[in-house]
Amino acid sequence: METANSEGGTEDESGWNCSVHPSVFFLLGTLVLTTCATAMLCGSIMTDHWEEVTWNREELEALNNYTMHMQWYLDGKVAKLLTNDEREMTVAFLVPMHGGIWTLCLSLTAEDILLLQQVGFPVVQQCVNYLADGIEGVKDYDPRTGWQHRMQNLSISCSLVCLIIIGTAALVGAFGVCQHQISAVLVTGVMYLLAASFAIFTLMIIHFKRVQSKPQVNMDPDGTMDGVVSPSGSKGTNYLLGARVFTTSWSLDLGWGGVTLCVMTSVLWILLSKIMRFNPISSMIN
């Protein structure tokens, strides 16, 4: 049989207090939001759909102006460029790609690549790392040159710092809650705010690295050939690069969501430290 106690809670026959301090729900909400924010931000950083590279077919054909013979495959996803002479040698393949902070990948399935190899598509890696020395089959790729690649390396640095801060904050927060250390809980809130700041730097760099590029006539503005795969390494397709379309993708949206949750998480941890100053966790649960 349960009876009401003087604090407004209930007690069973054994005298156990069945009431739950309202601050416990605040603690649980903070932990849930922290988990969601960490998962979203880490998921955004580790996925490779921050930007997509596609080709505008109408603009591509207008720029080509019968300079090279063009054949389309996979329902217009991939274009094969051939020399406009009797030999018809393959110059390059124009393919869709998607990239993240770390990698650049072909937006083609393994079956698509096998079909394209029947018409001369070179054997290339499905995904490559931006920190590698070069991309086999992608013309003139040098990750150490070009304004965009310097920004790419800066975004990698910021994202690494963000991951380190998040991992450290999780350990400090767990220690603060388990050992009832108010200062550790307060530090956790500050660290999540700092992680959100570095994540914003990463997001802004990725968002503006293409926008700020200055188009040139016969040269790729960022020094790369994203979207062009050539078996011969020829440089005869520079004039077609204006037909490339760079768009942001779902990883960037996931990152902005993670930043928002990180800021909210930071506020909750700081408020939790204030609550623990007057209501220690031990008294919340008992």
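In this chain, numbering begins with 1 at the start of the sequence shown. Since we're looking at a predicted model, the values are computed, not measured.
Using modelled atom types and a 3.5 Å distance limit, the side chains of Thr47 and Ser251 yield a donor-acceptor pair. Side chain to side chain, Thr248 and Glu51 fail the donor-acceptor criterion of an N or O pair below 3.5 Å. Judged by distance alone, the side chains of Thr34 and Trp269 do bring a donor and an acceptor atom under 3.5 Å apart. For the residue pair Asp112/Tyr73, the side-chain donor-acceptor check at 3.5 Å is not satisfied.
Rounding to the nearest 0.5 angstrom, the gap separating the OG atom in Ser249 from the CD atom in Glu52 is 4.0 Å. Separating the CG atom in Asp75 from the NZ atom in Lys77 is a distance of 8.5 Å, to the nearest 0.5 Å. Remark: Ile205 CD1 to Leu154 CG distance equals 3.5 Å, nearest 0.5 Å. In this structure, Met276 CE and Leu27 CG are separated by 8.0 Å, a value rounded to the nearest 0.5 Å. Taking SG of Cys105 as the reference point, atom CD of Gln125 lies at 10.0 Å (rounded to 0.5 Å). Note that OG of Ser157 is 10.0 Å distant from CZ of Phe198, once rounded to the nearest 0.5 Å.
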Report task. Before giving the answer on side chain to side chain contact (heavy atoms under 4.5 Å, CB included), spell out for Thr168 and Val172 the whole-Å C-alpha distance, their side-chain angles and the decisive distance to 0.1 Å. Result -> CA-CA 6 Å; Thr168 305; Val172 174; 4.2 Å; yes

Report task. Determine, step by step, whether Leu163 and Met46 satisfy the side chain to side chain contact (heavy atoms under 4.5 Å, CB included) criterion, reporting the C-alpha distance in whole Å, the side-chain angles of both residues, the deciding distance to 0.1 Å, and the verdict. Result -> CA-CA 10 Å; Leu163 290 176; Met46 300 308 296; 4.2 Å; yes

Query raised in the report: Going through the checks in order, is the side chain to side chain contact (heavy atoms under 4.5 Å, CB included) test met by Leu271 and Phe26?
Result: CA-CA 9 Å; Leu271 291 178; Phe26 188 88; 3.7 Å; yes

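Screening His69, Lys80, Met68 for a side-chain contact (heavy atoms from CB on, under 4.5 Å) with Val91, the sole residue that qualifies is Met68.
Counting only heavy atoms from C-beta outward, the side chains of Trp50 and Ser44 approach each other to under 4.5 Å. Residues Leu268 and Tyr192 are not in side-chain contact: their nearest non-hydrogen atoms beyond the backbone lie 4.5 Å or more apart. Residues Phe175 and Val185 form no side-chain contact, since every pair of their non-hydrogen atoms from C-beta on lies 4.5 Å or further apart. At least one side-chain heavy atom of Ile166 sits under 4.5 Å from a side-chain heavy atom of Cys162. Residues Glu111 and Leu114 have side chains not in contact (no heavy-atom distance under 4.5 Å, counting atoms from C-beta outward). At least one side-chain heavy atom of Leu241 sits less than 4.5 Å from a side-chain heavy atom of Trp55. The shortest distance between side-chain heavy atoms of Phe121 and Val95 falls below 4.5 Å. In this structure, the side chains of Leu60 and Met70 come closer than 4.5 Å at one or more pairs of heavy atoms.
The two atoms that bring Leu41 and Gly255 nearest to each other are CD1-O, 3.9 Å, heavy atoms only. Here the closest non-hydrogen pair linking Ala169 and Thr188 is O-CG2, 3.6 Å. The two residues Glu59 and Gly242 make their nearest non-hydrogen contact at OE2-O, 3.1 Å. Of all heavy-atom pairs between Gly258 and Met40, the closest is N-CE, 3.7 Å.
Annotation for Phe201: atom CZ does not count as buried by contact number, only 12 or fewer foreign heavy atoms lying within 6.0 Å.
Judged by distance alone, with hydrogens and angles left aside, the side-chain atoms of Ser159 form a donor-acceptor pair with the main-chain N or O of Ile156 at under 3.5 Å. Checked by atom type and distance alone, the side chain of Ser266 never pairs as donor or acceptor with a backbone atom of Cys262 at under 3.5 Å. Between the Gln126 side chain and the Leu106 main chain, a donor and an acceptor come within less than 3.5 Å of each other. Of the possible polar contacts, one joining the Trp102 side chain to the Ile45 backbone as a donor-acceptor pair under 3.5 Å is found. With hydrogens and angles disregarded, no donor-acceptor distance shorter than 3.5 Å links the side chain of Asn65 to the backbone of Thr67. Not a single donor-acceptor pair under 3.5 Å links the side chain of Trp72 to the backbone N or O of Val78. In terms of modelled atom types and a separation under 3.5 Å, the side chain of Thr103 and the main chain of Cys127 share no donor-acceptor contact. Here the side chain of Thr83 pairs a donor or acceptor atom with the backbone of Met89 at under 3.5 angstrom.
Following chains of ILVMFWY side-chain contacts shorter than 4.5 Å, one can reach Tyr239 starting from Leu81, so the two form part of one hydrophobic cluster. The hydrophobic clustering, which links ILVMFWY residues whose side-chain heavy atoms are closer than 4.5 Å, places Val187 and Ile182 apart. Under a hydrophobic-cluster definition in which Ile, Leu, Val, Met, Phe, Trp and Tyr are linked whenever side-chain heavy atoms come within less than 4.5 Å, directly or via other members, Leu31 and Leu193 are assigned to different clusters. Linking Ile, Leu, Val, Met, Phe, Trp and Tyr residues whenever their side-chain heavy atoms come within less than 4.5 Å places Phe93 and Leu115 in a single cluster. Val263 and Ile165 fall into different hydrophobic clusters, where Ile, Leu, Val, Met, Phe, Trp and Tyr side chains are chained together by heavy-atom contacts under 4.5 Å.
Between His98 and His49, the ring-plane angle classifies as parallel under the 30° and 60° cut-offs.
Other cluster members for Leu186: Ile270, joined by side-chain heavy-atom distances under 4.5 Å among Ile, Leu, Val, Met, Phe, Trp and Tyr.
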